[in-house]
Every structure is written in C-alpha cells, then in structure tokens.
Amino acid sequence: MAIITLTTDFGTDDSYVAEMKGVILSINPEVTIVDICHTINPQNIAQAAYILSTTNHRFPRGTIHIVVVDPGVGTERQAVLLINEHGYFLGPDNGVLSYVVEEAGEGIEAFAITNPSFWLSPLSDTFHGRDIFAPVAAHLSLGAPPHELGDLIPSLTTFVLPRPQIGEDRMLIGKVIHIDHFGNLITDIRRSDLPKGRLFIEVCGHIIDNLSTSYEEGEEFMAIIGSSEQLEVSVQKGSAARYLGARIGDEVKVGVTRTSPKGGFR
Amino acid sequence: MAIITLTTDFGTDDSYVAEMKGVILSINPEVTIVDICHTINPQNIAQAAYILSTTNHRFPRGTIHIVVVDPGVGTERQAVLLINEHGYFLGPDNGVLSYVVEEAGEGIEAFAITNPSFWLSPLSDTFHGRDIFAPVAAHLSLGAPPHELGDLIPSLTTFVLPRPQIGEDRMLIGKVIHIDHFGNLITDIRRSDLPKGRLFIEVCGHIIDNLSTSYEEGEEFMAIIGSSEQLEVSVQKGSAARYLGARIGDEVKVGVTRTSPKGGFR
Amino acid sequence: MAIITLTTDFGTDDSYVAEMKGVILSINPEVTIVDICHTINPQNIAQAAYILSTTNHRFPRGTIHIVVVDPGVGTERQAVLLINEHGYFLGPDNGVLSYVVEEAGEGIEAFAITNPSFWLSPLSDTFHGRDIFAPVAAHLSLGAPPHELGDLIPSLTTFVLPRPQIGEDRMLIGKVIHIDHFGNLITDIRRSDLPKGRLFIEVCGHIIDNLSTSYEEGEEFMAIIGSSEQLEVSVQKGSAARYLGARIGDEVKVGVTRTSPKGGFR
C-alpha cells in the first residue's frame, strides 16, 4: 500500500489540491494520499522545508512526499526527485528539500525530472504540481524506476539551515524558526545543543528560569523540549507569541544558572 | 476495513495532524483515517466533546475515535480508552468524552492506557496524540486486545452536560451550546424536550413565532430542529449569530402560544 | 476502487463534513473519499459550480461528485443525479451543476432523486447532504442502478455562464470570475477566446503589455494563461487582487497591440 503526501502553499479554498489528487488517483486508484499542510505562506520555501522535516520520518519508509512551494514554476528551475532511506521527495529544486538533504547526509540520490512521458500533456505554464509532480509521484507509487524520470544530479539547491551560535558571553544564541497554532515559539535549538546544568532562557526581554517537562507544570512563560526535540517557549493555555510579541527570527538565548556560594541560584 | 477518526485542537497549519497520520499508517497502512475537526478552539474540552457527540454515531460500529484536546499532556491526567456499542474512544481523561459516557449509559467499558509497549519510544513530553493515542489506535485497528493497554477503570471524568431547565413562568430555558459555520445557534434543547402546541422562541430579545421546517420557509429569524435533533436559531441566508450578537451560553427560551378565545394567537 | 468527492459550503469547523463521510463509509467502507473544497462561501452556488468545473475532469471516469451548496434544503427544490462521460454528479437542482451541464452538451442523463429507500431515515429537514446525497453516492459506488433513484428528468436548472463579449472598440470584454488563494484574478476568457497578435490587457485601470508564460517572468502585473486554460492576472510574489483592489465581477479587457509604421508598438 503506497502513500503519497502533499505539502503546498495552495490553501484549501481553490481546486488546486483536489486537482492533484484527481491526477494521482487516475494513475493509481489504490494509493493513500495524506495532506501534510496546504497553508504554507505563499512562496515561503523555508517554512515548507521545515514542516516537511518535522513530519517525513513519521511516515513508513518508501512514502512519496510531494512539496509544491514553487514561485519559479514555468522558469528554468529544475523539478527533482530525492531518494533517501526514509522515502522519496519530489519538488522544485529551490531549497524546499534543504532539511531532507541535511538529514540524509551522504545517503542521497537525486534525479532531475525531465522525461515528459511521465507528465500530463498538455503541460500548463503555472501548475507543475498537477502536471508534473502528481503524475510522477503516482507512477513512482506503481513502481516506475527513478532513473527513467531523468538524469542523476550531483547536488540540490539548499539554503543555510538556521542553527544556534555561541555568543561572547558563552550563551547559546538561537532563533525562533516556527510559531505553531497554539502560539508556541519553536527554536532552532535542539535538545542536544543544550549545555549541562540548570538553564535559564532569555526571549523578548523575558527570563525563563529552567526547563519544564509539561505544558501545565510551568507558570507564566515556560521553556520545554517540544515534540520535534527542539527548545520551544510556551505559556500555559495561551499564545506565547502574542503575549511576548514574538516573531520568526527573534533571538532566544540559553545560559547556565550559576549556583551561588550559599547554595541559591544566581 | 478499520476506520480511525481524529478530533483535535491542532489546527491545520502545522505538521501535528500529519505526524499522527504517519504514525498510524506506519503501524497499519490499510486503515482509513478520517478527520472530524482540527479547529477545536485551543484547550476547549467542551467543544471537542460536543463535536464528537454529533459525529461518532454516523460512523460504522467499531470505528476508533481519537480526541486530542489535552491541556494536561505530560501531567498526571490519565490517557483512556472507552468502548461502547458504537465504537472505541481514545483521549485524555479530562471530560472530552462526557457526551459519549452519557449516551452509553451503563454500557461502557473503560481502560487506563498505561502499557508503554503500544506507544512510540521515546515518548515526548508534549505530544501524546502522536506518541500514545495514534499508535494505540493503530494497534487496536489491527486487533490488539483492549485489556492489554492497561487496567479497567470504573469511571471517567465528565463535566455536567448542558440541559434546559423549566423556568418559573413554565417556559423551557436552554442555552446556545454551539455556533456553526453558517452562524446558526445550536441549543441544548432537544426535539424531545419541546412542549406540545404552537411554540414561540425567545433569544437575545427577539421573539420567533413558531418552528420552521426548512431554512427557506422562515422569514427573518427562525427556529428549526437541526440535523442533530436540537433546536437551532437561524436566519435566511445569513448569520443568526452576527445579526443577534449571540454567543455561546446565551439563553434560549421556549413557550407555548395560547390561543385566544377568538381563535387568534397570543 | 470507487471515488466520491465532496464540495460544500460547510466549512471545516463543524462536524457536518465528517458526518457525511461516516454515512458513506457505513454503506461502503472501501470507497475513497476526496475533499474538493468545503469553504465555498455560504450559499454561493456560482462559486461551487466553478470550483467543481475546474476539478471534476481531473478525476477518473466514473468518479461520484457530491456538491452541497443548498440554501433551499427542505423546500421543493429537487435533488438530482447527472451522469456524463466523466462521472456522476449529485446535488440540489439549483444551478450548482451549470458548468457540468454545459460541458456535457447533449451527452447528459439526469434523474430526480426521489426514492427514499436509498436515504437515511429519519430524514432531517436541514441536512440532505448527510441524509440523501451521502447515502445515495455510497449506494451508487456499490453499483446501485441510477434509474432506481427516481425518474429521468429532461433538464436541469442552470444559470447563464459568464462569457466574454466583444465591445464597441472590438476589444474582448471579460470578467473576473474567481480570485484564488494567491490573489490571482481568474477570468472567464479562455485561451481559445483570445485574438491573434500581441495582446494588451486592461484591468482596474492598469494596462498589461503582452502575455507572460510563467509567474516569474513578468514584471509587476502580468497576464498569463492559467492552469484551467483561462486568462488570469497575477503579480510576482504578491496578491494581484489586493494590489489592484480587484473583485469578482470586475471587467478585464483584451486588445491587440497595433504595430506602428516605424515598427514600434502602440
């Protein structure tokens, strides 16, 4: 039972997503299609790349992931297939697969999608999600060999992934990279980046004293390791983003609380 | 063919819902997953309980319903499975199954979900929808015996369900419990609660004279028995909620029109 | 493997869509259900008709399409089934199938849906999507013969489809008929309507010089043949609707640029 997932900036008010599904089901009526997200901000490649990265390894190996955030549709930008141990990834070569490329390390294989015999015909100028990516995914789900799609390519376009830095004061300096539906601020600081010891976290002028281990435990603002193993800043039953006025790109600093000679904290 | 439904407050802009689907399909690729609603207001347990109650008996017997509105995730609140003649219900024990418990009457069976061998590992602190409820549902769909999930428990947490009262003036006093996408005001007054006779309905200072039997029949505001057998207040091709300034919790009163000696109505 | 699609104005915050899916799966658990759109503006029959028209021929032949934008539910308006070479179409006879009727030309067959043995019982006054269209679609997907649903009917209610006119100045005068999620203005001018030659396009007081063939190629506002073979007006990485203050119904004019005696353009 093959699975195809869809991540786009198409929204859900138009027929675009359904047109892709119709094309896929016309080629492989047995495939399972799963929506990951269709509300990526229009043309926001970094957001699509992030959402895909937090989701793809939850799916069975061999799942085919289509990502269509494609401001360059109809221009010279390439359509590509990347294969790694988790699955197949189809999208424009514009950075939307940056996290997948990084995670895969050396273990990737990539193809340019240039063979029109797997595409819809006629090909539109504006909707390669429907005319190229959907039919190619459907044919892959039926066992089409990747090398028939086009030539192997040595590398893909990627953007520099956000990662925390060490500041002058030896604090870890990360950034807010995603704000979720609840208003939680998700940062580029991973659990493995955190220093040892009792931590404090600085964000938007607020100090949070120590990490929490559940949303209810904390008082006011809290810092917690979220479900994708990244540091996030939350507020109990409210939106941390709204209360803090936080935005994507805002700095989040982490330091180690020093025990005072008298046994108290800094 | 097993079915798993999802009701959450996760929204559809993040990867959370898709992560749950990926986990489910990794365990049982053949299962059919149906979204009930992902736009429950964050942490609104009563709303989730209501939406589930209007939907679950439309699904085939044996359907597995997951409800994740879970402000206490990571705390001591229990994860539970309730079984009744309609299906299997998985959620936190925080009241989200209140209507299901009431409908089931004596015929329920409930288990604490405590056996980690059915969960994802490692378990996150913040996303038991993905790490506990999704894999448990998938294992149930494959035939895992409920008693292996954990101990039978004698009762579940429920909140007092809204029900109409009889007022001093012998009128039936109910409440708006849901406002739907069209702006219809759905009340806790069921068809079987209504007195006999020609009725009038009072809401937000307006009097509606009699019940309608279709949305187009009525003029201006109308009262009608809606699709879940509850009294609702509507306006033709518009939002009753907006026109009346109505909110959840507002009173809706129903009385019987008295025929005057001359045969006219009050 | 049968497919049923859903197009409604129900939104996704209530249980209505899921109730329909539950009813369908109770009758045919093997069917594949695909959402086309649930955010048609309430009671907007023209919008639903348009969205369906851009999508349905992407699905496999024999797909069953349900459209429920039904302000007259519970009144005398008929429920109908239309069959053409692409599929089966179920909806109220209120114009929602206008484009499908036009596309089908002479090749349609239509039935009134009057046989309650295919419906849910009891029948609600307000939700025939769940009580009539969903179960009828499910029975069709299992092979129920269309003529058992009710009598053949000779014609369906349709509205006059928007089509461009030739103006006094011999320019083609069309209208904006849809504004998509990206703010692209989609018009009723089809590729085949366009005159030969180098074109210019007038919209909301702006002149666009020539057609583009990709979204990135153009500067500022551009005109392009979109994915449903209709002229659309776009702006690079922004919303043409917002920048132009455009609305559905606004005029879009197309003329042919005259080459001046010196070889330049007008």
Side-chain angles (χ1 to χ4, degrees), chain A residues 1-3 5-7 11-12 30-41 47-48 50-63 65 86-87 178-184 186 191 211-218 222 224-230 232 234 236-239, chain B residues 1-4 6 8-35 37-45 68-77 92 94 120 122-135 138:
Chain A
M1 175 71 92
I3 299 169
T5 80
L6 304 178
T7 302
T12 53
E30 303 286 336
V31 79
T32 296
I33 303 174
V34 179
D35 299 302
I36 291 184
C37 180
H38 296 295
T39 51
I40 300 296
N41 289 329
Q47 187 189 2
Y50 174 73
I51 290 286
L52 178 68
S53 78
T54 62
T55 319
N56 79 76
H57 50 287
R58 299 297 171 181
F59 279 82
R61 277 165 200 262
T63 293
H65 301 279
H86 286 110
H178 183 71
I179 296 176
D180 77 6
H181 176 69
F182 298 97
N184 298 318
I186 297 163
R191 189 198 290 272
L211 282 184
S212 299
T213 56
S214 82
Y215 287 131
E216 281 211 333
E217 179 193 308
M222 55 191 146
I224 192 166
I225 299 296
S227 62
S228 50
E229 292 286 291
Q230 286 158 305
E232 62 185 65
S234 305
Q236 199 180 337
K237 299 188 183 176
S239 165
Chain B
M1 174 72 92
I3 299 169
I4 295 174
L6 304 178
T8 76
D9 59 355
F10 295 164
T12 53
D13 295 346
D14 297 302
S15 58
Y16 302 140
V17 172
E19 290 182 65
M20 288 182 66
K21 292 180 181 176
V23 169
I24 291 169
L25 292 169
S26 295
I27 295 168
N28 183 358
E30 302 288 335
V31 79
T32 296
I33 303 174
V34 180
D35 298 302
C37 179
H38 296 296
T39 51
I40 301 296
N41 289 328
Q43 290 102 30
N44 193 327
I45 292 166
V68 193
V69 176
D70 195 8
V73 61
T75 66
E76 291 299 304
R77 72 97 189 88
N94 62 10
L120 289 205
L123 178 70
S124 70
D125 291 324
T126 61
F127 195 2
H128 291 184
R130 178 191 70 194
D131 299 343
I132 295 180
F133 295 115

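Letters go in sequence order (proteins before strands), and every chain restarts at 1. Fair warning: this is a prediction, and the values are worked out from it, not measured in the lab.
Your options are I33(B), D9(B), I27(B), and the one with the most heavy-atom pairs under 4.5 Å with chain A is D9(B). Note on D35(A), V34(A), T12(A), T39(A): by heavy-atom pairs under 4.5 Å with chain B, the leading option is T39(A).
Taking the six-membered ring for Trp and thresholds of 30 and 60 degrees, F10(B) and F127(B) have ring planes more than 60 degrees apart, a perpendicular arrangement.
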As a quick check of understanding, evaluate side-chain contact (heavy atoms from CB on, under 4.5 Å) for I4(B) and K21(B), giving each step before the final call. CA-CA 10 Å; I4(B) 295 174; K21(B) 292 180 181 176; over 6 Å; no

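For L6(A), no part sits under 4.5 Å from any heavy atom of chain B, backbone or side chain. Residue contact with chain A, scored on non-hydrogen atoms closer than 4.5 Å, is absent for R77(B). Neither the backbone nor the side chain of I24(B) comes within contact range of chain A; no heavy atom of the residue lies under 4.5 Å from a heavy atom of that chain. At a 4.5 Å heavy-atom cutoff, H57(A) makes no contact with chain B through either its backbone or its side chain. Residue I225(A) touches chain B through its backbone alone, counting heavy-atom pairs closer than 4.5 Å. With a threshold of 4.5 angstrom between heavy atoms, I3(A) approaches chain B through side-chain atoms but not through N, CA, C or O. Interface residue V23(B): backbone and side-chain heavy atoms are both found under 4.5 Å from chain A. Residue contact with chain B, scored on non-hydrogen atoms closer than 4.5 Å, involves the backbone and the side chain of I51(A) alike.
Between the side chain of N44(B) and the backbone N or O of I40(B) there is no donor-acceptor pair closer than 3.5 Å. For the pair R130(B) (side chain) and S227(A) (backbone), a donor-acceptor distance under 3.5 Å is present. Here the side chain of D14(B) pairs no donor or acceptor atom with the backbone of F182(A) at under 3.5 angstrom.
Side-chain atoms of S15(B) and T54(A) include a donor-acceptor pair closer than 3.5 Å.
Centroid-to-centroid, the aromatic rings of H65(A) and F59(A) come within less than 6.0 Å.
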